[in-house]
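Here is the structure we will look at.
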2 protein chains.
Amino acid sequence: MARDIQERIKKLIIDQRLPSGAPLPTEPELMKLLGVSRNSVREALKALQAMGLVDIRHGFGTYVGQMSMAPMIEGLAFRTVAGHYRGEDSLRQLLELREAVETGLVAQHACRLPEEDLAELEALVDRMDAMAEAGAELELAQTDRDFHAALYRGLRNPLLSELLEAFWDAFHRVQRDLVDVPQDPRTTCRRHRDILDAVRSGDVLRAERALRDHFGHLRTRLGPPRSGQPVAGGAEGEDVRSRESPRDPVAVGGSSLAAREV
Amino acid sequence: MARDIQERIKKLIIDQRLPSGAPLPTEPELMKLLGVSRNSVREALKALQAMGLVDIRHGFGTYVGQMSMAPMIEGLAFRTVAGHYRGEDSLRQLLELREAVETGLVAQHACRLPEEDLAELEALVDRMDAMAEAGAELELAQTDRDFHAALYRGLRNPLLSELLEAFWDAFHRVQRDLVDVPQDPRTTCRRHRDILDAVRSGDVLRAERALRDHFGHLRTRLGPPRSGQPVAGGAEGEDVRSRESPRDPVAVGGSSLAAREV
DNA sequence: AGAGTCAGCTGCTCTAACCAACTGAGCTAG
DNA sequence: CTAGCTCAGTTGGTTAGAGCAGCTGACTCT
């Protein structure tokens, strides 16, 4: 039934053609409109918020969300972290995903990048160099992200662009939290310049190779491949009726320390 | 603060290495554990459920979710439907996304598909033919999905496979609900057989072309391209403080009719 | 005219109670 | 003795009412 409430709110957004940012009915209004209690309305809204469909602002109102891929990053990052800790190769899978998509894309349109995009890429690589010199790790990463975003801007497909940026975000968030690899900024810069040069030359194969080298470099930094499959632990849940002892109470209480987001 | 509760539950899953299907503390336990009211716990769980991170079963308990891409389908489908109704080209963008990823992938590994996978693809195309003859639209679509899934199984990257299946699901759900194109089952079968033959031949370029033809065919069925950009309607929300009249109360009340999921 | 205050929205959290689904122990009837 | 039922006790689902917190806008005092 809670699911039903969500569906009805979604239907309301669809039927009214509400654009991103449009105000939704207030909680009391939704109560009367849907004929359910305040609590149910709130739970439905919370779920929709988690999916990025609505945007709730305290003391202000509820609005149609931007429908970005942000919640997907959240889910992907969590899935990756959880898998990593369970001994799966999730981080490598995520990197392979980026590699597969990006190399496929660059092969498709690398030869027809307009000059203005090339110029922007050039400027970005220059900025990366400068930041590598200055030792500004954070800004370097941001520029790295911008580089990859600019590379696929020419596709004129915002959905695709958002998705790739989402993958980038998820990967870097998890990598930053899980593995503490000593970055070599200069190498990173060089790889990106290689990619740019290859793209500028219009040589599709060379561009693909440069990109693959870049990802290969990243992959080696993840360390040796872990056991391909996880420990196959515990029959995948399936029918866990045996709710034995509810586990020793974990120390979750007041840990605002180590609130590293995960 | 509600966000904080979600984070702490996520942290609990991570820290305890809980696998999919493992039981989580009950709601009263979480209340004491986190020191918040039941209501807040429930709202956090609802949000996590929406992201597929936990699985709530009435009268049974709360469990760690399968972390599948299902919630992403939900979000993607909604985003696409909403965009479509707002005059954007969202459905075409989604199709282009599939095309870009799949053509990129097939180029990478089409030439090294093991014989067993080829045999499975063959069997699937045969089944598609049979279903096309029988006029079983639904089963045909399912087999179509299986075909595309089998095509990328050799990559041994479950994340990638799930994502592609998620794209397929989202696209077909939206297409089924939005546009009522008269399918020509035989053509669909032929296109898939072309892809299979090309892949079997080991000719990468031919495989890529076959796949691109397939998507091109789908694209033409979406009708002529809509205005590249949306109507640019209403400054993208941004700072909608002007909460004017809350809109005429939409008829959402008792519509279990037309509960077509959207 | 400008700054402060207050009433009124908004969403946020808590408490308490009851409803509904499911389990498992114990009872009853065969 | 077993098959089936019933009934307590668990779980999550829903409702109600109260008060708290953030924001806005108009009103008032300086």
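Please read these numbers as outputs of a predicted model, since none were measured by experiment. Chain letters run A, B, ... following the sequence lines, proteins first and then strands; every chain starts at 1.
- Listed by chain and number, the residues in a ring pair (Phe, Tyr, Trp, His ring centres under 6.0 Å) with B:F147 are B:H192 (sequence neighbours excluded).
- Ion pairing between A:D177 and A:R173 fails under the 4.0 Å rule for side-chain N and carboxylate O.
- If A:G35 and B:I56 are placed on DNA chain D by their nearest nucleotide, the residue sitting closer to the 5' end is B:I56.
- Atom-to-atom, CE of A:M1 to C1' of C:dC19 comes out at 11 Å; the value is rounded to the nearest Å.
- For C:dT13, the OP1/OP2 oxygens have no side-chain nitrogen or oxygen of B:S37 closer than 4.0 Å.
- Between the CG atom of B:D4 and the P atom of C:dC12 there is a distance of 15 Å, rounded to whole Å.
- Remark: B:D144 pairs with no residue by the salt bridge (charged side-chain N to carboxylate O under 4.0 Å, His left out) rule, at least two apart or across chains.
- Which of C:dC12, C:dT10, C:dT13 sits closest to the side chain of B:A2 comes down to C:dT13.
- Applying the side-chain hydrogen bond (donor to acceptor under 3.5 Å, both in side chains) criterion to B:E162, with sequence neighbours excluded, gives A:R79.
- Look at OH on B:Y63: it is 12 Å from P on C:dC22, rounded to the nearest Å.
- Cation-pi geometry between A:R17 and B:Y85 is met: the NZ or CZ atom falls under 6.0 Å from the ring centre, inside 45° of the normal.
- When the P atom of D:dC23 is taken as reference, atom CG of A:D55 falls 14 Å away, rounded to whole Å.
- Between B:Q6 atom CD and C:dT13 atom P the separation is 11 Å, expressed in whole Å.
- For B:D55, the side-chain hydrogen bond (donor to acceptor under 3.5 Å, both in side chains) criterion is met by no residue, not counting sequence neighbours.
- Residues from residues 39-47 of chain A with heavy atoms under 4.0 angstrom of DNA chain D, sorted by number: A:N39, A:S40.
- Distance CD (B:E27) to C1' (C:dA16): 15 Å, rounded to an integer number of Å.
- Residue A:T62 has no polar side-chain atom (N or O) positioned under 4.0 Å from OP1 or OP2 of C:dT10.
- Under the side-chain contact (heavy atoms from CB on, under 4.5 Å) criterion, A:H58 pairs with no residue at all, not counting sequence neighbours.
- D:dG17 atom C1' lies 10 Å from atom CE of A:M31, rounded to whole Å.
- Within the structure, salt bridge (Lys or Arg N to Asp or Glu O under 4.0 Å) pairs that include any residue of residues 40-50 of chain A comprise A:E27-A:R42, A:R42-B:E43, A:E43-B:R42 (at least two apart or interchain).
- The side chain of B:R38 has C:dA17 as its nearest neighbour among C:dG11, C:dA17, C:dT13.
- A:R153 pairs by the salt bridge (charged side-chain N to carboxylate O under 4.0 Å, His left out) definition with A:E120, not counting sequence neighbours.
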Please write out the pairs of protein N or O atoms and N or O atoms of nucleotides 20-22 of chain D separated by less than 3.5 Å, giving the distance to one decimal.
residue: D:dA21; atom: N3; partner: A:H58; partner atom: NE2; Å: 3.1
residue: D:dG22; atom: N2; partner: A:G59; partner atom: O; Å: 3.3

